[in-house]
Amino acid sequence: MASILVSRFSALGDVAMTIGVIKSFADIYPDHHITLMSRPFIAPLLENMPSNVHFRPVDLNNYKGLGGLRRLSRQLIGEGYDMLADMHDVLRTKVIRYYFKRAHKPIAVIDKGRKERKLITRAKNKQLHPLTPSPQRYADVLTKLGFPITLKPHHIYGNQSADISDIKPIVGEKNGNAWIGIAPFAAHEGKIYPLPMMKQVINLFADNDNVKIFLFGSGPKEKEWCEGITQQNVVSMVGKTNLQKELRLMTHLNVMLTMDSANMHLSSLVGTPVVSIWGATHPLAGFTGLQPNGSKIIQQDLDCRPCSIYGNKKCRKGNYPCMTTITPLSIANIIKQYI
């Protein structure tokens, strides 16, 4: 029986894409144990997992600098893991790998395909072909350790709607109406549909008493914007619940409208169809994750796309035509197909 430690910190969306990989491993190898090491707040993503799946929370604020990482590495080795699957490959995980290697523990590292990503995002002569999807890259790390897996989508609550009785005072009763989730934000400007235009999308549904819109986000600026456009049928969820409760609410949505962002992957994890808007980034880069059946992608076919893997580069044309040429009405018409 092997005990595998998986390291993946960083962005919530990236961690979310490992969950289906871990569940697939657990189903195929029930006699082996797999432990995800990540930040404490992502624990709800592992709800309802098989008994051979474990979570190792790590608050990196408690392990600062090389000295802190050395102390963490020694703790992990002392916990008896047989091998390390590094699905992150950044400085802190390289340090942990170093100590696992010194302890003669097998290790495997993700191939991020950095050269391929440069070719797909360069300004001229882009090589536009599908790159290996991120979930498959994570699965390949386990294959290197001797555990090949076949990926299957994982829904945290199965195909059921989760209990939301504890947030009924916020969300109300569905009563057969259509519930739409909208997550208007992302980490970088190149991935955000212009907020005034998103407000137009929302207004196209706001007067329909048979529709309720729930806005998702985090942080004070996002909270301010969402609360500024709330009305009778538009409810801001920002700062009102926690990750677990938001995931449970997502199981009741007819559809989730998102950017190329964490909420796209969170919605996928509970089996809710996703309509995602892509601007500076591109699905060909492999970050769509394991989306449910019926999900759709909205994007414009421009010769400048993609200009960035993560959406963090300035627009070469100055005004993000990849986003501004997508009309609010066209988005609304796609959403209507789900309600």
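Worth saying up front: this structure is predicted, and the values here are computed from it rather than measured.
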* **Close side-chain approach of R39 to V58, heavy-atom, < 4.5 Å** => no
* Any chance the side chains of Q300 and T325 put a donor and an acceptor closer than 3.5 Å? -> yes
* Minimum heavy-atom distance F205-K336, with the two atoms named -> CE2-CG, 3.8 Å
* Asked: Are side-chain heavy atoms of L204 and I335 found at a separation under 4.5 Å?
  -> no
* **Connected via hydrophobic side-chain network under 4.5 Å: W278 and I298** => no
* Asked: How about K240: does its NZ atom have over 12 heavy atoms from other parts shown lying under 6.0 Å from it?
  -> yes
* So D89 and R97, salt bridge (charged side-chain N to carboxylate O under 4.0 Å, His left out) or not? Walk me through it. -> CA-CA 9 Å; D89 192 26; R97 279 186 353 231; 2.9 Å; yes
* For atom NZ of K126, is the number of surrounding heavy atoms from other residues, nucleotides or ligands below 6.0 Å larger than 12? -> yes
* Asked: Parallel, tilted or perpendicular: which fits the ring planes of H33 and H54, with parallel below 30° and perpendicular above 60°?
  -> parallel
* With no hydrogens and no angle check, do the side chains of D140 and Q136 hold a donor and an acceptor under 3.5 Å apart? -> yes
* Compare every heavy atom of I120 with every heavy atom of H129, then report the nearest pair and how far apart it is. => O-CD1, 3.8 Å
* Following the transitive rule for hydrophobic clusters with a side-chain heavy-atom cut-off under 4.5 Å over Ile, Leu, Val, Met, Phe, Trp and Tyr, establish whether L151 and L131 coincide in one cluster. => yes
* Would S261 and N263 count as a side-chain hydrogen bond (donor to acceptor under 3.5 Å, both in side chains) if you check the C-alpha gap in whole Å, the side-chain angles of each, and the deciding distance to 0.1 Å? -> CA-CA 6 Å; S261 65; N263 279 293; 4.9 Å; no
* List in chain and number order the residues that pass salt bridge (charged side-chain N to carboxylate O under 4.0 Å, His left out) with E79, two or more places apart in sequence or in another chain; answer none if no residue qualifies. => R56
* Asked: Taking all non-hydrogen atoms of both residues, which atom of P184 and which atom of M198 are closest, and how far apart?
  -> CB-CG, 4.1 Å
* **Exceeds 12 heavy-atom contacts within 6.0 angstrom, atom CG of N61** => yes
* **Carboxylate-amine/guanidinium contact E47 R248, below 4.0 Å** => yes
* Look at the aromatic rings of H88 and F9 and report parallel, tilted or perpendicular, splitting at 30° and 60°. => tilted
* Asked: Do other residues, nucleotides or ligands put more than 12 heavy atoms under 6.0 Å from the NZ atom of K168?
  -> yes
* Asked: Do V6 and I96 sit in the same hydrophobic cluster, where Ile, Leu, Val, Met, Phe, Trp and Tyr count as joined when their side-chain heavy atoms come under 4.5 Å apart?
  -> no
* Same apolar cluster (I L V M F W Y, side chains within < 4.5 Å links), M87/Y81 -> no
* With a cut-off of 6.0 Å (strictly less than), are more than 12 heavy atoms of other residues, nucleotides or ligands near CG of L66? -> no
* Asked: Within a radius of less than 6.0 Å around CG of D59, do more than 12 heavy atoms belonging to other residues, nucleotides or ligands occur?
  -> yes
* Answer yes or no: is there a side-chain heavy-atom contact under 4.5 Å between K105 and M83? => no
* Asked: Is the side chain of T251 donor-acceptor paired with the backbone N or O of L247 at a distance under 3.5 Å, no angle test?
  -> no
* Looking at side-chain heavy atoms only, is the closest gap between P321 and C315 below 4.5 Å? -> yes
* Are M17 and L45 grouped together when hydrophobic residues (ILVMFWY) are joined by side-chain heavy atoms under 4.5 angstrom apart? -> yes
* Is V171 close to M237 at the side-chain level, that is, under 4.5 Å between some pair of heavy atoms? -> yes
* Taking the six-membered ring where the residue is Trp, are the ring centres of H188 and Y310 under 6.0 Å apart? -> no
* Would the number of heavy atoms belonging to other residues, nucleotides or ligands and lying under 6.0 Å from CD of E224 be above 12? -> no
* Counting only N and O atoms by type, is there a donor-acceptor contact under 3.5 Å from the side chain of K245 to the main-chain atoms of I167? -> no
* Does a donor on one side chain sit under 3.5 Å from an acceptor on the other, for K174 and N254? -> yes
* Can you tell me if T288 uses its side chain to pair, donor with acceptor, with the backbone of P283 under 3.5 Å? -> no
* To do: Would you give the length of the straight line joining atom CD1 of I182 to atom OH of Y193, rounded to the nearest 0.5 angstrom?
  => 11.0 Å
* Asked: Would you call K124 and D303 a salt bridge, taking side-chain N to carboxylate O under 4.0 Å as the test?
  -> no
* Indicate yes or no: does R137 engage E116 in a salt bridge with an N to O separation below 4.0 Å. => yes
* Kindly assign one of parallel, tilted or perpendicular to the pair Y29 and H32, based on the angle between their ring planes and the thresholds 30° and 60°. => perpendicular
* **Nearest-0.5 Å distance that lies between atom CD1 in I202 and atom CD in Q231** => 8.5 Å
* Asked: Distance only, no hydrogens: is a donor on one side chain within 3.5 Å (strictly under) of an acceptor on the other, for N233 and N208?
  -> no
* So do T258 and V275 actually touch side chain to side chain, heavy atoms under 4.5 Å? -> no
